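Only one structure is covered here, and it is reproduced in the block below.
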Amino acid sequence: MIYEKQSFSRLDVAFARFLSERSLLDSFQKQVFENLVMSLSFEQSRGHCCIQIDNEANALILASGLALTDANSHNTTTTLPLVIEQDRLYLHRYWYYENRLAQQLTKMTQLNVSNELKNITDSNPLLDKYFGISETIDWQRAAALMAVNQTFCMITGGPGTGKTTTVVKILAILQELSEQPLLIALAAPTGKAAMRLQESIGFNKAALPSTVEIKSAIPESVMTLHRLLGAKPPSPYFRHNAKQPLVYDLVVVDEASMVDLALMSKLVDALKPGARLILLGDKDQLASVESGAVLADLTIALPQQTLELQESHRFDGDIKNLAVAINLQQHTEAWKLLQAGNKDIALLETDLIDYISNQQINYLQQITAGAEFSDIYKAFNRFQALCATRLGKNSVSDINHAVEQSLANKKLIHLSGLWYCGRPIMITQNNPALQLYNGDIGICLRDKDQGDHLRVFFQQADGSIKKYLPARIPHCETVFAMTIHKSQGSEFEEVLIILPETINPVLTKELLYTAITRAKKTIHLVANAAVFSSTVRQRVQRVTGLINKFPAKN
């Protein structure tokens with residue numbers, strides 16, 4: 001897997017040269033070695049955990065003196081930067097994350113549940129109490145049965161299949177089975193996902209057929225994973241780890257498809273002995289931005305710990321049919337659905353920028369009318385334009401600039417500089433000191449309590465509002481349009497999906513499926529038939545070794 005030199009970043013080149021200079025190879029071999037290491041660094045930055053190599057490359061890398069084989073890595077205290085496992089080449093750190101995660105989860109799957117929480121069968125009255133009795137398969141009930149009887153489990157399913165509803169009932173059942181109240185942590189990868197989970201938990205908890213005591217033992221507060229583990233920026237380390245584990249008896253993680261290999265490994269490492277872990281997510285969505293496809297890999301490796309909810313309670317008709325067709329890579333059927341001109345899903349036939357600008361009118365009118373921030377925030381989140389790319393024609397950068405100019409021409413905003421009243425922004429760089437994280441959405445408004453000076457307002461997961469001087473905001477970008485990747489963990493009544501005009505390697509069926517499943521009511525799409533067809537036919541295929549590291553019996 002060798003790439004032309006111009007494909008590599010400066011970091012790829014510098015890292016490969018650094019290792020090459022320290023190798024035991026001759027000058028010709030060093031050049032080949034450099035290309036291999038650059039390829040590894042490049043592919044790791046694209047989300048792969050390793051690269052595949054042939055026997056010749058294997059011999060060369062071992063001759064460099066900078067790599068261990070998988071077997072030797074387990075039997076020595078020496079740490080070298082590269083590891084070869086079968087036909088895969090890793091950076092040592094990612095090889096370690098994969099192995100550590102597989103080892104820890106294997107131990108969890110082999111543990112019996114706590115003596116305080118005895119195994120239950122499908123005939124248990126608690127299941128009848130929370131799920132009722134059905135003559136057909138009740139997938140939510142089946143998920144609860146699995147979760148109660150196992151220390152580690154994954155509940156997957158598309159949007160609207162009831163993952164949160166199910167897990168709230170699971171938490172109630174576990175609390176009823178426990179002699180002492182379980183200490184439970186709820187977490188999500190991003191602030192947006194945490195906010196959504198918190199709203200859903202509160203709503204579903206109120207409907208539980210349980211006592212006040214049981215309901216009060218189920219938390220509503222949701223943390224980001226970085227906050228749960230205790231981030232220690234700028235280092236990659238966390239306060240909680242195997243030596244200083246979390247205190248919780250049970251950790252629930254929503255939107256688990258967004259969790260990368262390193263973070264998942266560190267999370268599992270930080271669980272105290274005997275603690276339970278429940279992962280919720282949609283395995284068909286985009287994999288994490290960073291390395292790995294952890295949830296998808298784990299559902300394949302551990303089928304006995306996985307249950308997929310089958311019935312959607314939110315989606316029906318056109319949106320569901322489109323999502324299913326794309327997930328099955330039926331590009332012709334999906335295109336026909338879009339061309340049918342249904343009210344819920346359709347190709348956009350009006351001017352793109354005018355359409356997006358007009359969708360902002362109600363949001364901006366709320367600002368002019370002096371509405372409460374919660375109402376302004378809700379109005380903004382009703383609609384979202386989602387782009388596949390960051391740069392170029394029909395990209396986030398292109399659309400945001402054009403929409404700003406259009407709104408200014410219509411006198412709906414006053415472009416007086418970078419910051420203006422009504423500017424929606426997304427944080428793109430974590431700042432734990434300010435409690436602002438990558439993906440958080442804020443809106444720049446005039447602060448009545450501060451002489452109408454501009455402040456950037458954020459709504460927290462608990463519903464509270466924080467505001468900051470624009471100058472204090474970490475790196476951010478205008479977000480009349482956002483990338484599909486950044487939309488994960490969010491929901492909007494209507495989405496406009498904008499694909500580029502030419503075929504692009506980033507366009508995959510997982511990307512399109514993720515965009516479609518952000519919409520609750522309406523979808524419009526901007527794309528030509530050739531690009532759409534290519535997108536649906538292409539799928540994400542990340543190179544990892546995680547599946548191979550679990551016992552074959554699973």
Side-chain angles (χ1 to χ4, degrees), residues 192 338 341 343-428 439 441-446 454 456-459 470 476-487 490-501 515-516 518-528 531:
K192 287 186 301 177
L338 287 164
K343 65 175 184 177
D344 294 337
I345 58 170
L347 296 169
L348 186 69
E349 296 180 349
T350 60
D351 181 80
L352 171 60
I353 302 303
D354 271 349
Y355 185 82
I356 299 174
S357 299
N358 289 336
Q359 295 297 318
Q360 312 302 325
I361 291 176
N362 178 256
Y363 152 68
L364 294 169
Q365 285 176 340
Q366 293 269 4
I367 296 174
T368 303
E372 295 295 325
F373 177 71
S374 58
D375 293 325
I376 294 171
Y377 190 82
K378 183 178 179 181
F380 175 74
N381 278 289
R382 185 197 67 79
F383 166 86
Q384 186 62 57
L386 303 178
C387 300
T389 54
R390 293 186 52 81
L391 299 172
K393 180 69 173 175
N394 283 359
S395 68
V396 164
S397 177
D398 179 43
I399 298 298
N400 277 318
H401 176 73
V403 170
E404 279 186 329
Q405 294 302 316
S406 174
L407 292 173
N409 292 339
K410 295 179 180 187
K411 310 298 184 186
L412 292 171
I413 61 172
H414 178 59
L415 282 177
S416 54
L418 177 63
W419 293 100
Y420 56 86
C421 184
R423 183 192 180 199
I425 60 106
M426 174 182 283
I427 301 297
T428 57
I441 300 280
I443 298 175
C444 185
L445 301 170
R446 297 200 176 278
L454 292 176
V456 186
F457 291 70
F458 293 84
Q459 185 166 306
C476 66
E477 58 191 26
T478 304
V479 73
F480 288 115
M482 68 174 68
T483 63
I484 297 169
H485 274 91
K486 292 289 189 182
S487 74
S490 299
E491 281 184 344
F492 311 97
E493 288 186 23
E494 178 182 350
V495 299
L496 172 64
I497 303 168
I498 307 165
L499 300 185
E501 295 180 341
I516 287 167
R518 300 309 92 207
K520 291 193 284 187
K521 293 182 178 179
T522 310
I523 294 169
H524 284 94
L525 179 74
V526 175
N528 63 56
V531 169

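Residue numbers count from 1 along this sequence. These numbers were taken from a predicted model, which means no experiment stands behind them.
Taking CD1 of Ile497 as the start and CG of Leu347 as the end, the distance is 10.5 Å to the nearest 0.5 Å. Between the CD1 atom of Ile443 and the OH atom of Tyr377 there is a distance of 7.5 Å, given to the nearest 0.5 Å. In this structure, SG in Cys476 is found 7.0 Å from CG in Leu418, a value given to the nearest 0.5 Å. Here the CD atom belonging to Gln359 is positioned 11.0 Å from the CD atom belonging to Gln384, to the nearest 0.5 angstrom. Here Ile498 contributes atom CD1 and Leu348 contributes atom CG; the two are 8.5 Å apart, rounded to the nearest 0.5 Å. Between Leu496 atom CG and Cys387 atom SG the span is 8.0 Å, to the nearest 0.5 Å.
Between Glu477 and Lys486 there is no salt bridge, since no side-chain nitrogen of the basic residue lies less than 4.0 Å from a carboxylate oxygen of the acidic one. Salt-bridge annotation for Arg382 and Glu494: present, with a side-chain N of the basic residue lying under 4.0 Å from a carboxylate O of the acidic one.
What you find for Phe380 and Ile441 is that their closest heavy atoms are CE2-CG2, 4.2 Å. Counting all heavy atoms, side chain and backbone alike, Lys521 lies closest to Asp344 at O-OD1, 3.6 Å. Taking both residues in full, the closest heavy atoms of Ile356 and Ala385 are given as CD1-CB, 4.0 Å, listed atom of the first, atom of the second, then distance. When every heavy atom of Ile399 is checked against every heavy atom of Ala481, the shortest pair comes out as CG2-CB, 3.7 Å. Minimum heavy-atom separation, Ile367 to Cys421: CG2-SG, 3.7 Å. Residue Pro500 comes nearest to Thr389 through the heavy atom pair CG-CG2, 4.4 Å, listed as atom of the first residue, atom of the second, then distance.
Without hydrogens or angle criteria, Asp398 side chain to Lys393 main chain gives no donor-acceptor distance under 3.5 Å. A donor-acceptor distance shorter than 3.5 angstrom exists from the side chain of Ser487 to the backbone of Ile484, with no hydrogens or angles considered. Between the side chain of Ser357 and the main chain of Ile353, a donor-acceptor pair closer than 3.5 Å is present. Side chain of Tyr363 to main chain of Gly422: a donor-acceptor pair is present (N/O by atom type, distance under 3.5 Å, no hydrogens or angles).
Residues Tyr420 and Cys444 fail the side-chain proximity criterion, which asks for heavy atoms closer than 4.5 Å. Side-chain contact between Asn394 and Leu499 is absent, with no heavy-atom pair separated by less than 4.5 Å. The closest side-chain heavy-atom distance from Arg518 to Ile523 is not below 4.5 Å. The shortest side-chain heavy-atom distance between Val403 and Thr478 does not fall under the 4.5 Å cut-off. The closest side-chain heavy-atom distance from Val456 to Arg423 is not below 4.5 Å. Contact annotation: the side chain of Lys410 approaches that of Asn358 to within less than 4.5 Å [non-hydrogen atoms, C-beta and beyond].
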**OP:** For side chain to side chain contact (heavy atoms under 4.5 Å, CB included), just list the numbers for Met426 and Lys192, CA-CA rounded to whole Å, side-chain angles, deciding distance to a tenth of an Å, and then say yes or no.
**Re:** CA-CA 11 Å; Met426 174 182 283; Lys192 287 186 301 177; 3.9 Å; yes
Original post:
When you look at Met482 and Leu386, which way does the side chain to side chain contact (heavy atoms under 4.5 Å, CB included) test go after all the steps?
Top reply: CA-CA 5 Å; Met482 68 174 68; Leu386 303 178; 3.6 Å; yes
Subject >> Residue pair Phe457, Ile376: steps toward the side chain to side chain contact (heavy atoms under 4.5 Å, CB included) verdict >> reply: CA-CA 10 Å; Phe457 291 70; Ile376 294 171; over 6 Å; no
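Each of Glu493, Gln360, His524 was compared with Phe383 under the side-chain contact (heavy atoms from CB on, under 4.5 Å) criterion, and only Gln360 meets it.
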